[in-house]
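Here is the naming used below: chain letters follow the sequence lines, and residue numbers restart at 1 for every chain.
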Protein chains: 2
Amino acid sequence: MMFSKACEYGIRAAVYVTLQSLEGRRVSVGEIGEEIDAPVAFTAKILQQLTRNNIIHSVKGLHGGFEIERVDMDNVKLNMIVKAIDGDKIYTGCGLGLKECNAQKPCPLHDKFLDIRTDLRNMLESTSLFELANGLEVGLTYLKR
Amino acid sequence: MMFSKACEYGIRAAVYVTLQSLEGRRVSVGEIGEEIDAPVAFTAKILQQLTRNNIIHSVKGLHGGFEIERVDMDNVKLNMIVKAIDGDKIYTGCGLGLKECNAQKPCPLHDKFLDIRTDLRNMLESTSLFELANGLEVGLTYLKR
DNA sequence: ATAAATTAGGATAAAATTGTCCTTTATTGG
DNA sequence: CCAATAAAGGACAATTTTATCCTAATTTAT
């Protein structure tokens with residue numbers, strides 16, 4: 001409702017990779033798709049985007065898979081994933097769909113939207129993969145169903 | 001980015017109808033499409049949904065068109081339009097796309113999303129068509145471009 | 001009554017998003 | 001070197017959303 005399906009899968013996949021990397025395990029697309037309940041081939045495309053954007057790291061071949069460095073778990077914030085997949089329309093786009101909507105020429109909802117979007121932006125910019133994987137690890141949150 | 005295109009057009013159309021009804025003018029789909037810069041036939045479908053939901057009122061035939069009662073300009077809040085067009089997934093849907101995501105079985109982003117969504121909801125529930133049409137009337141805001 | 005204007009509604013078409021399948025490339029172990 | 005495994009990537013298919021077109025129904029004025 002806020003992100004595209006691709007972006008939803010992307011965040012869930014990245015969080016799962018983080019969780020497993022914390023345990024020192026590299027994971028395959030197949031396992032990821034299974035564990036986040038997402039179509040495997042489609043998830044593969046999204047993982048490609050994430051690796052191209054240096055958000056996670058991929059290794060080909062036997063014993064290959066996806067992983068993420070410990071530092072990156074802290075450094076990668078959700079806004080980076082959203083930007084890599086959905087672009088920055090979530091920040092720049094007008095709530096009512098005007099092509100150019102800004103303080104000089106605002107749509108009727110401009111100011112009210114700005115408030116909410118700023119909150120959203122702050123949330124995305126301050127939430128790391130590590131933080132999200134932690135909740136999962138202790139069984140407080142879920143990535144499926 | 002938050003609403004569907006249909007919903008964006010719907011809100012813009014409803015605000016335009018409100019603005020014109022304030023002047024006592026009934027407006028045609030053609031004029032609406034023109035003035036909010038939206039595809040006419042598509043806008044017509046959306047206006048149908050709004051009339052079926054008693055949000056605006058339509059009159060067929062010569063000198064017909066769309067209008068809205070003075071009381072309804074205050075009573076109709078944005079959430080009613082969003083609900084009529086996009087349903088209530090904006091309120092109930094999970095930010096990460098889980099089928100069931102709630103306090104008992106939350107996704108990793110559940111709480112953070114809840115805050116933002118509550119703000120959004122409050123905003124939509126408290127913003128009336130009259131309020132939005134007013135900004136337009138005094139030239140502070142725009143529905144095109 | 002008739003013609004003109006206008007919404008309602010059905011049938012399609014186009015575009016975008018989501019999803020699948022198959023081949024290629026890289027890596028590892030034997 | 002060879003076989004097995006896994007990601008990368010291209011081509012295509014299905015679905016959903018957006019958009020168009022045409023006809024029917026309704027109302028008004030003459």
Side-chain angles (χ1 to χ4, degrees), chain A residues 1-14 16-17 20 25-34 36-68 82 84-87 89-90 93 96-97 99, chain B residues 1-14 16-17 20 25-34 36-68 82 85-87 89-90 93 96-97:
Chain A
M1 70 103 184
M2 208 133 185
F3 305 136
S4 68
K5 224 91 185 84
C7 193
E8 291 175 356
Y9 295 152
I11 295 174
R12 275 150 62 193
Y16 182 72
V17 171
Q20 294 305 318
R25 297 187 60 233
R26 219 174 248 166
V27 283
S28 71
V29 194
E31 177 178 341
I32 296 172
E34 177 70 23
I36 70 172
D37 197 26
V40 173
F42 191 45
T43 304
K45 304 291 189 192
I46 299 161
L47 287 165
Q48 278 181 41
Q49 296 187 69
L50 296 183
T51 51
R52 277 194 224 107
N53 283 270
N54 294 307
I55 287 169
I56 59 179
H57 184 221
S58 80
V59 179
K60 280 187 178 179
L62 194 55
H63 304 151
F66 295 89
E67 65 191 1
I68 178 170
V82 174
I85 300 176
D86 282 350
K89 60 174 183 285
I90 199 171
L96 294 188
K99 286 172 199 85
Chain B
M1 68 102 186
M2 209 128 184
F3 305 136
S4 69
K5 222 95 187 79
C7 193
E8 291 175 357
Y9 295 152
I11 295 173
R12 275 149 63 191
Y16 183 73
V17 170
Q20 294 305 318
R25 298 187 59 232
R26 218 175 251 168
V27 283
S28 71
V29 194
E31 176 178 340
I32 295 172
E34 176 71 23
I36 69 172
D37 196 26
V40 174
F42 191 45
T43 304
K45 302 290 187 193
I46 299 161
L47 288 165
Q48 278 181 43
Q49 294 188 68
L50 296 183
T51 50
R52 276 194 223 108
N53 283 272
N54 294 308
I55 288 169
I56 59 179
H57 185 222
S58 81
V59 180
K60 280 186 179 181
L62 195 55
H63 303 154
F66 296 89
E67 66 192 0
I68 178 170
V82 174
I85 300 175
D86 281 350
K89 61 176 184 286
I90 199 169
L96 294 188

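- Residues A:Arg12 and A:Thr43 are not in side-chain contact: their nearest non-hydrogen atoms beyond the backbone lie 4.5 Å or more apart.
- Separating the NE2 atom of A:His57 from the P atom of C:dT27 is a distance of 10 Å, rounded to the nearest angstrom.
- Between A:His63 atom NE2 and C:dG29 atom P there is a gap of 6 Å when expressed in whole angstrom units.
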(message) Using a 4.0 Å heavy-atom cut-off to protein, can you give one letter per nucleotide of nucleotides 7-16 of chain C, 5' to 3': B if the base is in contact, S if only the sugar-phosphate is, - if neither?
(response) BBBBB-----
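- As a whole-Å value, the separation of A:Phe42 CZ from D:dA8 P is 16 Å.
- Rounded to an integer number of Å, the gap from A:Ile32 CD1 to D:dA6 P is 12 Å.
- The shortest side-chain heavy-atom distance between A:Phe3 and A:Ile90 falls under the 4.5 Å cut-off.
- Atom CZ in A:Arg12 sits about 14 Å away from atom C1' in C:dT18, given to the nearest Å.
- Toward the 5' end of DNA chain C, the nearer of the two residues A:Thr43 and A:Leu62, judged by each one's closest nucleotide, is A:Thr43.
- Between A:Lys89 atom NZ and C:dT17 atom C1' the separation is 10 Å, expressed in whole Å.
- Taking 4.5 Å as the limit, every side-chain heavy atom of B:Ile68 sits out of range of all side-chain heavy atoms of B:Ile55.
- Distances shown here put a side-chain N or O of B:Tyr9 below 4.0 Å from the OP1 or OP2 atom of D:dA19.
- Between B:Val40 and B:Val29 the shortest heavy-atom distance is O-CG1, 3.6 Å.
- For A:Arg26 and D:dT5, the CZ to P distance is 17 Å, given to the nearest whole Å.
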(request) Could you please spell out the steps behind the side-chain contact (heavy atoms from CB on, under 4.5 Å) verdict for A:Phe66 and A:Gln20? (result) CA-CA 9 Å; A:Phe66 295 89; A:Gln20 294 305 318; over 6 Å; no
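- In this entry the distance linking CD1 of A:Ile56 with P of D:dA6 reads 16 Å, nearest Å.
- Between the side chain of B:Asp86 and the backbone N or O of B:Val82, no donor-acceptor pair lies under 3.5 Å.
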